[in-house]
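We name chains A, B, ... by the order of the sequence lines, and we start the count at 1 in each one.
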2 protein chains.
Amino acid sequence: MLYAGFMSAALPPSFPMPPDAVGPSELLQLGTGAEEDEPCLRADAARNRARLLEAAGRLVAEHGAAALTMEAVAAEARVGKGTVFRRFGDRTGLLAALLDHSERKFQAALLSGPPPLGPGAPPVERLRAFGCALLRRSIDELDLQLAAEPSAERRHTAAPRRFLLGHLALLLREAVPDGDSGLLSHTLLAYLDAALIHHLTAQCGLPPERLRTGWLDLVARVTRTDPAV
Amino acid sequence: MLYAGFMSAALPPSFPMPPDAVGPSELLQLGTGAEEDEPCLRADAARNRARLLEAAGRLVAEHGAAALTMEAVAAEARVGKGTVFRRFGDRTGLLAALLDHSERKFQAALLSGPPPLGPGAPPVERLRAFGCALLRRSIDELDLQLAAEPSAERRHTAAPRRFLLGHLALLLREAVPDGDSGLLSHTLLAYLDAALIHHLTAQCGLPPERLRTGWLDLVARVTRTDPAV
DNA sequence: TTACGATCCGGACCGAGGTCCGTTTAATTT
DNA sequence: AAATTAAACGGACCTCGGTCCGGATCGTAA
């Protein structure tokens, strides 16, 4: 059980949680091994789910994630609009599902990949690697990450974020035992927020390299260690 | 000119910027003394603006900021819907205008209030006071702050946020001359984000006192100083 | 006071997210 | 194979944010 501190209280008793939304990511997040998608999904439902994701991917590739409308996805997939919502809950759920693949790859790299991202390296080094990797990933998928951002109330309860927070808190508890790892993990993750990255790079024109340096510096300060070479 | 580092590049050439939205806050942010509201506004326009703000305030007080609809505000103020949008640009503009009063009070306290919030105290002490004050204010107006949060693209370009960022960067440049004050200010301000506060207090049940302690600890780490007593 | 132009008003209109519910279809049981 | 049931389907429908433009109103100048 990772990060039992107070995040467990963050899981409200049976959160509505749209049908499957991101799917299995939250299983991974709970520590169980990866399952395939939806436990049991009727044949037609599974087929439509795939068609919807494929259609959405095409539309995003063509017009960008910001311009994606639910009706357009339904039409492109030759499916009723209701089906889209039943499957993915809402727009952000669909976008999140689109991000699910890279999400899971990243989670796997953290849990069982090679160091320093995966286990085996000292925690501060893993923290550094974590930020750099997440930075790269977010920059790659910026439009999707931005469009997929949930409303303010749900933002912090989304499964992928909870996983990253838990991972950070785990590393922080090791790296800085005298700190409030729960709160510090929020601070660190906030630096890697997609909207912030977008603002600093696209709107302010900062080169990604500077963000990377800033992350290393932040980790050094928070853990009260020497700046990385 | 405060925080000329790279934020100036964050102001795109003539950002659309709804009619008046927050109003004079951005003047303050540019360092000029406070003006009253809109430079010149036709009598009927000014009257309707006041009626709209009053109506919106009533509705928010009664049903909460999340339930506020633009049509309801228009109806309550006995005004056409178009008038609301012309005056405030969009929903978040109206909510921001509702927050403008406390915004300006806070800005004034920072610029010319008594220490340690205002000038006269050492920068680290002012940083501590800044967070504690902002924390208190945000907790007081949580529903409004949450409902007023702009979309991901605009979030970081909103005038009030730019002001707070600039102020933080100013203090940081003094308190930690060897750091990237621009980036660090984003990190610090992220800790005070309304959505995060809401998540930690309302959803995770953390007492505000713990957030306060967390802020003092964060300031200490970022500035590499000793934790405050 | 009247005339005129700029500004503002209002509400019809549109698009998109999200809901509802009668109908269809896949899995299971007999 | 037929019956049964739970789940999925689809698209009409609703709400609400946001736009548009013909008409009303204000400020000003003669």
Side-chain angles (χ1 to χ4, degrees), chain A residues 16-21 37-53 55-56 59-60 63-97 147-151 153-154, chain B residues 16-21 37-53 55-56 59-60 63-98 147-154:
Chain A
M17 191 48 75
D20 68 341
D37 39 3
E38 280 301 295
C40 54
L41 203 55
R42 236 172 64 171
D44 51 352
R47 174 179 48 87
N48 283 338
R49 183 181 205 274
R51 289 172 61 169
L52 283 167
L53 284 177
L59 292 177
V60 165
H63 305 110
L68 192 75
T69 73
M70 299 299 264
E71 298 212 38
V73 175
E76 175 84 10
R78 307 304 196 84
V79 145
K81 192 177 172 181
T83 302
V84 191
F85 283 93
R86 191 176 331 95
R87 195 53 46 197
F88 299 103
D90 60 8
R91 209 184 101 105
T92 74
L94 173 60
L95 271 328
E149 175 168 303
S151 64
E153 299 89 50
R154 299 186 200 165
Chain B
M17 191 49 72
D20 67 341
D37 39 4
E38 280 300 298
C40 55
L41 204 55
R42 235 173 65 173
D44 51 351
R47 175 179 49 87
N48 283 338
R49 183 180 204 274
R51 289 172 61 169
L52 283 168
L53 285 177
L59 291 177
V60 165
H63 305 110
L68 192 75
T69 71
M70 299 301 263
E71 299 212 38
V73 175
E76 176 84 10
R78 306 303 196 84
V79 145
K81 190 176 171 182
T83 302
V84 190
F85 283 94
R86 190 176 333 95
R87 196 51 48 199
F88 299 102
D90 60 8
R91 208 185 101 105
T92 73
L94 172 59
L95 270 329
L98 237 31
E149 174 168 304
S151 65
E153 300 88 50
R154 298 185 200 165

Q: For the pair made of CD in A:Glu71 and P in D:dC9, what is the distance, rounded to whole Å?
A: 17 Å

Q: For residues 73-83 of chain B, pull every pair meeting side chain to side chain donor-acceptor pair (under 3.5 Å), keeping only residues two or more places apart or in separate chains.
A: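 Qualifying pairs, neighbours excluded: B:Arg58-B:Glu76, B:Glu71-B:Lys81.
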
Q: So, does B:Arg87 use its side chain to make a donor-acceptor pair with the main chain of B:Arg49 at under 3.5 Å?
A: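 Pair absent, no side-chain N/O of B:Arg87 close to backbone of B:Arg49.
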
Q: Rounding to a whole Å, what distance do you find between A:Phe88:CZ and D:dG10:P?
A: 14 Å

Q: With the criterion being N/O to N/O and under 3.5 Å, what pairs connect the protein with nucleotides 19-22 of chain D, and how long is each?
A:
none

Q: Just the table, please: protein N/O against nucleotides 27-29 of chain D N/O, every pair under 3.5 Å.
A:
from, atom 1, to, atom 2, distance (Å)
D:dG27, OP1, B:Ala43, N, 3.2

Q: Within the structure provided, determine whether A:Asn48 and A:Val84 are in side-chain contact (heavy-atom separation under 4.5 Å).
A: no

Q: Starting at CG of B:Leu52 and ending at C1' of C:dC8, how long is that distance when rounded to a whole Å?
A: 13 Å

Q: B:Asn48 has an atom CG; how far is it from atom P of D:dT25, in whole Å?
A: 12 Å

Q: Can you find a heavy atom in the side chain of B:Phe88 that is under 4.5 Å from one in the side chain of B:Leu98?
A: no

Q: First locate atom CZ of B:Arg42, then atom CZ of B:Arg47, and finally report the distance between them rounded to the nearest 0.5 Å.
A: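 Nearest 0.5 Å value for the CZ-CZ distance: 10.0 Å.
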
Q: Tell me which nucleotide among C:dA16, D:dG18, D:dC9 gets nearest to the side chain of B:Arg91.
A: D:dG18

Q: Is there side-chain contact between B:Leu94 and B:Arg91, with heavy atoms separated by less than 4.5 Å?
A: no

Q: DNA chain D: B:Met70 or B:Arg47, which has the more 5' nearest nucleotide?
A: B:Met70

